[in-house]
Amino acid sequence: MIRLNDILEQIHSYHPDADTGLVEKAYVYSAKVHAGQMRLSGEPYLSHPLAVAFILAQLKLDTASIAAGLLHDTVEDTLATLEELEEMFGRDVALIVDGVTKLSKITFQSRIQKQAENIRKMILAMSKDIRVLLVKLADRLHNMRTLEYQKESKRMKIARETLDIYAPLASRLGIDRIKRELEDLSFMYLYPDEFKALRDTVDQRLGQRKAYVEDVKELIARKMNDYGLSCRVLGRPKHLYSIYRKMKRRSVSLDQVYDLIAFRIILKTTKECYEALGIVHSLWKPVPGRFKDYISLPKANMYQSLHTTVIGPYGERMEIQIRTEEMNRVATEGIAAHWLYKEGQVVTREQQKNFEWLNRLMEWQKELEDPREFLDSVRMDLFPNEVYVFTPRGEVKEFPLGATPVDFAYSIHTEVGHHCAGAKVNGRMVPLKYQLQNGDVVEIITSPQHSPSRDWLQIAKTSRARARIRQWIKIAEREKIYSLGRDLCVREFRKYHLDFNHFLKKQAEEIAGDFSFKDVDDMLIAVGYGKVSPLQLVRRVLKESSEVEIETGVEPEKEKRASRAASSQGQQAIQIDGIDDIMVHLGRCCTPVPGDEVVGYITRGRGVTVHREDCPNIQNLDPERKVEVTWAVSGGETYPVKIWVSTVDQKGMLASVSNAISAEEANILEAKVTTYPDHRAVFRFIVEVADGKHLRRILSGIRKVEGVRRVERTSSG
């Protein structure tokens, strides 16, 4: 059993001046709250946090991490609270313990490869302080070392989880010593027969080749010395799981695995590494395609080394790795190798993506004595643009940052999304606009009476959800327009004492064909949108077109032209998804132009009127008759816009403002001037613009005119 003194001695071995008071205090507290608790092995429970703390000390971590290792199970397994830990040990320790506690509550059920990767990403994203992950890895390593005391079913579950989730995480952080041990321990429990057979065979072969290993090490050291290079040469067998994986991947037997032993040459400088590579290749013939330069192109987990495979002194393939002492330390300890000596700088969100920042970290280091400086620099969200959440069955789903239960519902099934009535997150009801957080367990509540609303487009983040919502709205709007068209026809037919139902049974299909509609439904939808008037259908029924007058007011000629122009512009500039050839008008109250946020409103028998979203008139209209519209690609059209300008009242002011408008190649349709006793003048223009950008240039040009006090777009006359 590890003792407190073992931990303190290990800390002082790499940080002689360390203040270990925090660690000693954590030991006393942990011993107190875990008193009386026993492990399955029969040892006091305290043996586990002591072992975890010792592993962290072997990684040369700071005292806060080691104290957290001693305390990591206190909140979950005792009456201790996070508030109490923060008060006694500080915020850093409490946050690490909280993070480890949250990770411990995650259960893994799906073993699909993509799911395993998503779970790994989610754990990384939840570990805002990387020390959380390191404590969790140390916790898992000691649990694997004592796994024999668990029931067989639990042993298999924990071993599989370790192999799928935690060993790859250790690899991703570059902590080779933990990764190797986790893989071999998992291998031993998951495939005990294969493990034992491979271990016995490898041990036998290595025992027979002990003299060979020593001869090669001595030969390499002598040759390096001949060229003036001082080095250490190591010869170590590859760990069992990597050998097993290679045999499976290549479908070969152990006899066909030639590089059971990897030789490592460790030198002082990078320059010496490349010199040593040349010496090795001059001694033995390199195997083509088996050279890797991870020094100039480090792996994403900071690993640096030269790898080459050569035909060795006895005609066998031999793998050789060449690196500096610092590279060797990083290869063994990964990111933990930088805790004590290095200082990082804040990095961008893009660099955080996919752990690229780990790859660049070495370039940004500076020598320092206090590990806290580096620790502070790497507290960041590792995957800032993604969140990973669980289904109630334990499946992990990935979403963009800001995603909501609506996105989750549509990711399950379109019908689940359409009938989403509410959501539970971690067992509690939340609004549909709730933003999902890493590790959330999400459950969707459905109801046949519920359906999507246009507001969902504002809270849905995934393209799948937004597309499904738009599709539903489109269908619902067609049904709405169909009902409106039918109602208009019923009223119009009633005016002329005609039976609309009789019309549907006897004449509607033929008349729909005459109007070039696919069927009667399309014809009634066209009536709802104003493409066809109900009176046209009445005329066809009565066959008295010349005797029936359209009951509309008479517009002045100027107003008729303006209306036709607005309708023409609307037809060209506005699209309504899934519906063609609809009568569209641009609202004359707010004069929308391309680039404005707009909404359509179904008028009775006059198609769709398009308003700006901030138009006061649209706010009070029936929301059930609003439809989604978008601007089409511009075809050179212009649009009238009202501009209000306040200036000082002085000679030539109107000309100056007009010139500013003309300078932006805009035509002035109308200009009105009003002067006031306080030497102020107000100009009201109607100007033709191409789009919102054009309008902004015009307003900017007017503001530059000397004497102009205020300029704005207006909806009033």
Side-chain angles (χ1 to χ4, degrees), residues 171 174 176-177 179-180 198 201-247 249-250 252-299 301-334 337 362:
S171 175
D176 187 60
R177 74 162 74 148
K179 172 221 173 194
R180 286 160 54 94
L198 184 60
T201 307
V202 169
D203 286 348
Q204 183 182 7
R205 286 184 59 177
L206 291 176
Q208 296 169 350
R209 297 169 67 82
K210 191 172 183 180
Y212 161 78
V213 173
E214 293 303 318
D215 288 348
V216 172
K217 285 168 59 178
E218 185 180 343
L219 177 58
I220 292 173
R222 187 170 65 249
K223 286 295 181 183
M224 294 297 149
N225 189 58
D226 290 345
Y227 285 90
L229 297 179
S230 176
C231 68
R232 288 193 298 134
V233 183
L234 306 175
R236 66 167 181 81
K238 294 193 170 181
H239 68 294
L240 292 177
Y241 184 69
S242 70
I243 297 171
Y244 175 76
R245 189 168 49 197
K246 181 175 289 188
M247 291 167 57
R249 187 170 62 245
R250 297 181 181 176
V252 297
S253 67
L254 182 62
D255 292 333
Q256 295 170 285
V257 178
Y258 300 109
D259 50 354
L260 288 180
I261 300 170
F263 292 93
R264 186 174 298 159
I265 306 173
I266 302 174
L267 304 112
K268 293 179 181 177
T269 67
T270 300
K271 178 174 176 288
E272 290 178 347
C273 291
Y274 286 100
E275 291 176 7
L277 177 68
I279 296 168
V280 168
H281 283 179
S282 68
L283 279 173
W284 300 300
K285 184 178 180 180
V287 176
R290 298 288 295 167
F291 170 67
K292 294 285 191 302
D293 184 352
Y294 294 119
I295 291 180
S296 59
L297 293 171
K299 289 186 178 182
N301 60 11
M302 300 184 301
Y303 177 87
Q304 288 186 297
S305 187
L306 298 176
H307 288 197
T308 186
T309 300
V310 297
I311 305 299
Y314 300 100
E316 293 184 1
R317 288 190 177 197
M318 186 171 70
E319 181 182 319
I320 298 178
Q321 301 168 358
I322 306 171
R323 61 182 67 152
T324 65
E325 290 283 1
E326 172 69 6
M327 292 173 191
N328 190 56
R329 196 163 60 82
V330 171
T332 304
E333 300 171 4
M362 292 178 64

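All of these numbers come straight from a predicted model, not from anything done at the bench. Computed over heavy atoms, backbone and side chain alike; hydrogens, waters and symmetry mates excluded.
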For a 4.5 angstrom cut-off between non-hydrogen side-chain atoms, does Thr308 reach Phe291? yes
How many angstroms lie between atom CG of Leu229 and atom NZ of Lys271, to the nearest 0.5 angstrom? 8.5 Å
Do Leu277 and His307 make a side-chain contact, defined as non-hydrogen atoms from C-beta onward lying under 4.5 Å apart? no
Is the shortest heavy-atom distance from the side chain of Glu272 to the side chain of Cys231 under 4.5 Å? no
Backbone N or O of Ile322 within a donor-acceptor pair of the Ser305 side chain at under 3.5 Å? yes
Work out which heavy atom in Ala276 is nearest to a heavy atom in Leu267; give both atom names and the distance. CB-CD1, 4.0 Å
Given side chains that start at C-beta, do those of Leu234 and Gln321 come closer than 4.5 Å, heavy atoms only? no
More than 12 heavy atoms of other residues, nucleotides or ligands under 6.0 Å from NZ of Lys217: is that the case? yes
A side-chain contact here means heavy atoms from C-beta on lying under 4.5 Å apart; do Ile311 and Arg317 qualify? yes
Atom CD of Glu325 with >12 non-hydrogen neighbours under 6.0 angstrom: yes
Check ring pair (Phe, Tyr, Trp, His ring centres under 6.0 Å) between Tyr244 and all other residues, then give those that pass, not counting sequence neighbours. Phe187, Tyr191
So do Arg323 and Gln304 actually touch side chain to side chain, heavy atoms under 4.5 Å? no
Taking all atoms of both residues into account, what is the closest heavy-atom pair of Asp293 and Tyr274, and its distance? OD2-OH, 3.0 Å
Atom of Ala331, atom of Asp176 and distance for their closest heavy-atom approach: O-CB, 2.9 Å
Quick one: does Leu283's side chain get under 4.5 Å of Val310's, heavy atoms only? no
Is there side-chain contact between Asn328 and Arg232, with heavy atoms separated by less than 4.5 Å? yes
Which pair of heavy atoms, one from Cys273 and one from Leu306, lies closest together, and at what distance? O-CD1, 3.6 Å
So which atom in Leu198 and which in Leu240 form the shortest heavy-atom distance, rounded to 0.1 Å? CD2-O, 3.6 Å
Evaluate the criterion side chain to side chain contact (heavy atoms under 4.5 Å, CB included) for residue pair Trp284 and Ile320; output intermediate values, then yes/no. CA-CA 11 Å; Trp284 300 300; Ile320 298 178; 4.1 Å; yes
